[in-house]
Amino acid sequence: MAEVEKVTRERLDELVADEGISLVHRALWSALWDGEARVADWLRADVEDVDLPGRRVRVREPVRPDTPVGPGE
């Protein structure tokens with residue numbers, strides 16, 4: 001089994017700046033790092049939930065509203 005590399009903030013910044021990587025992937029990685037939504041919440045989002053000018057995504061209903069969304073909570 002391959003070893004999983006931990007991604008640092010510096011490495012994420014390098015990946016997000018790499019224009020050879022799809023903008024969709026770079027935006028998702030950045031949002032997952034900086035946002036409070038969980039992966040399952042992102043997977044439930046629709047295009048109309050995304051507000052690009054406002055830099056927000058509406059989470060209609062969290063997958064598990066009883067669980068914390070931020071680190072250390």
Side-chain angles (χ1 to χ4, degrees):
M1 181 184 278
E3 186 175 323
V4 177
E5 176 185 350
K6 182 174 179 172
V7 177
T8 63
R9 181 63 201 206
E10 292 77 25
R11 180 64 178 136
L12 177 70
D13 290 343
E14 291 173 8
L15 291 168
V16 169
D18 185 345
E19 293 184 6
I21 299 172
S22 164
L23 177 60
V24 172
H25 288 113
R26 293 183 288 147
L28 179 59
W29 295 338
S30 183
L32 286 170
W33 186 283
D34 294 328
E36 294 183 356
R38 292 172 295 267
V39 173
D41 296 325
W42 276 101
L43 292 173
R44 293 180 61 198
D46 291 321
V47 171
E48 51 271 354
D49 296 329
V50 179
D51 173 12
L52 289 177
R55 299 180 60 143
R56 291 187 254 180
V57 175
R58 179 173 61 135
V59 176
R60 296 172 188 261
E61 182 179 333
V63 174
R64 291 196 50 209
D66 60 322
T67 59
V69 293
E73 292 184 12

Item checked: Atom pair OG (Ser30) and CG (Leu15), whose distance is rounded to the nearest 0.5 Å -> 11.0 Å
Next item on the list: Starting at CG of Asp18, measure out to CG of Asp13 and round the result to the nearest 0.5 Å.
Entry: 12.5 Å
Check: Trp29 and Leu12: which non-hydrogen atoms are nearest, and at how many Å?
Finding: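 Heavy-atom minimum between the residues: CB-CD1, 3.8 Å.
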Check: Does a side-chain heavy-atom distance below 4.5 Å link Arg9 with Asp34?
Finding: yes
Item checked: Any side-chain heavy-atom pair of Lys6 and Arg11 under 4.5 Å -> no
Note to self: Please check if the number of heavy atoms outside Glu48 that lie under 6.0 Å from its CD is greater than 12.
What the structure shows: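 For Glu48, atom CD is crowded (more than 12 foreign heavy atoms under 6.0 Å).
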Notebook entry, point to check: Mind checking whether Ile21 and Val7 sit in one hydrophobic cluster, side chains of I, L, V, M, F, W, Y counted as touching below 4.5 Å?
Noted result: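 Per the 4.5 Å side-chain linkage, Ile21 and Val7 are co-clustered.
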Margin query: Assigning hydrophobic clusters by single linkage (Ile, Leu, Val, Met, Phe, Trp, Tyr; side-chain heavy-atom cutoff under 4.5 Å), is Leu43 placed with Val50?
Written below: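 Shared cluster, yes.
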